[in-house]
Colleague: 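My questions all concern the structure below.
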Amino acid sequence: MTYRVCFVCTGNICRSPMAEHVFRRRVEEAGLGGLVEVDSAGTGGWHEGDGADPRTVAVLDGNGYTSAHTARRFRPSWFPALDLVIALDEGHLRELTRLARTPEEAARIRLLRSYDPAAGAGLLDVPDPYYGDHEDFEECLEMVEAASEGLLAAVRAELEERTP
């Protein structure tokens, strides 16, 4: 049975596509590509149909990641098909929790940096690089990469629990 993870930020053009591509590579490197499906979405629909921000693409490409992307808006009807919904900041967490229709759906929502043991309490947001420069996008990538290892360990543990 496929384990599904969806990363969510505001417009689905900066942080969440970056997290999607980084985590997909971690999943592939771990040999879990056939078991884990990774995608992303935004809480808003302003950029639906657009590609990732060119600065996101530049940082991903410059660090050896894939970057093909089409932005879309998160739909509450997706919750039943998802195992984890990963918010990139507290605002996304609140919006996704509001969209959840049941306590079970709300329980699937987590902050990405909660999987980074080096992230301090109260410092779990991945700041939006949209109004920043190249360095802000590089910093975003560093945060995403740091949290991806812990997230992969959590997903691997969930998969092992499912195996009879």
Colleague: Could you state the interatomic distance from CZ (Phe74) to OG1 (Thr43), rounded to the nearest 0.5 Å?
Modeller: 10.5 Å
Colleague: Mark yes or no for whether Asp133, through its side chain, and Asp136, through its backbone, hold a donor-acceptor pair below 3.5 Å.
Modeller: yes
Colleague: With distance as the sole criterion, is a donor-acceptor pair present between the side chains of His69 and Asn12 under 3.5 Å?
Modeller: yes
Colleague: Could you tell me whether the side chain of Asp89 and the main chain of Val126 form a donor-acceptor pair under 3.5 Å?
Modeller: no
Colleague: How close do Ser40 and Glu20 get, counting heavy atoms only, and between which atoms?
Modeller: OG-OE1, 2.6 Å
Colleague: For Glu48, does its backbone N or O pair with a side-chain atom of Arg72 as donor and acceptor, under 3.5 Å?
Modeller: no
Colleague: Of all heavy-atom pairs between Asp61 and Ser67, which one has the smallest distance, and what is that distance?
Modeller: OD1-OG, 2.8 Å
Colleague: With a 3.5 Å cut-off and sequence neighbours excluded, list the donor-acceptor pairs that the side chains of residues 106-116 form with protein atoms.
Modeller:
from: Arg108; atom 1: NH1; to: Phe79; atom 2: O; distance (Å): 2.6
from: Arg110; atom 1: NH1; to: Ala107; atom 2: O; distance (Å): 2.5
from: Arg113; atom 1: NH1; to: Leu123; atom 2: O; distance (Å): 2.8
from: Ser114; atom 1: OG; to: Leu111; atom 2: O; distance (Å): 2.5
from: Asp116; atom 1: OD1; to: Ala118; atom 2: N; distance (Å): 2.9

Colleague: Does Asp50 use its side chain to pair, donor to acceptor, with the backbone of Ala71 at less than 3.5 Å?
Modeller: no
Colleague: Looking at His21 and Ala68, would you say the former's side chain and the latter's main chain have a donor-acceptor pair under 3.5 Å?
Modeller: yes
Colleague: Can a salt bridge be assigned to the pair Arg156 and Glu160 using a cut-off of 4.0 Å between side-chain N and carboxylate O?
Modeller: no
Colleague: What closest approach, in Å, do Asp83 and Tyr3 show between heavy atoms, and which atom pair accounts for it?
Modeller: OD2-CA, 3.3 Å
Colleague: I'd like to know if Glu28 pairs up with Arg24 as an ion pair, taking the criterion as any Lys NZ or Arg NE/NH1/NH2 lying under 4.0 Å from an Asp or Glu carboxylate oxygen.
Modeller: no
Colleague: Run the salt-bridge test on Glu95 and Arg98 with the 4.0 Å N-O cut-off and return the result as yes or no.
Modeller: yes
Colleague: Say you draw a straight line from CG of Leu141 to CG of Asn63; how long is it, rounded to the nearest 0.5 Å?
Modeller: 5.0 Å
Colleague: Hey, what do you get for CG (Asp53) to CZ (Phe137), rounding to the nearest 0.5 Å?
Modeller: 4.0 Å
Colleague: Kindly say whether Arg55 contributes a backbone atom to a donor-acceptor pair with the side chain of His134 at under 3.5 angstrom?
Modeller: no
Colleague: Restricting to non-hydrogen atoms, name the atom on Phe23 and the atom on Leu152 that form the minimum distance, rounded to 0.1 Å.
Modeller: CE1-N, 3.6 Å
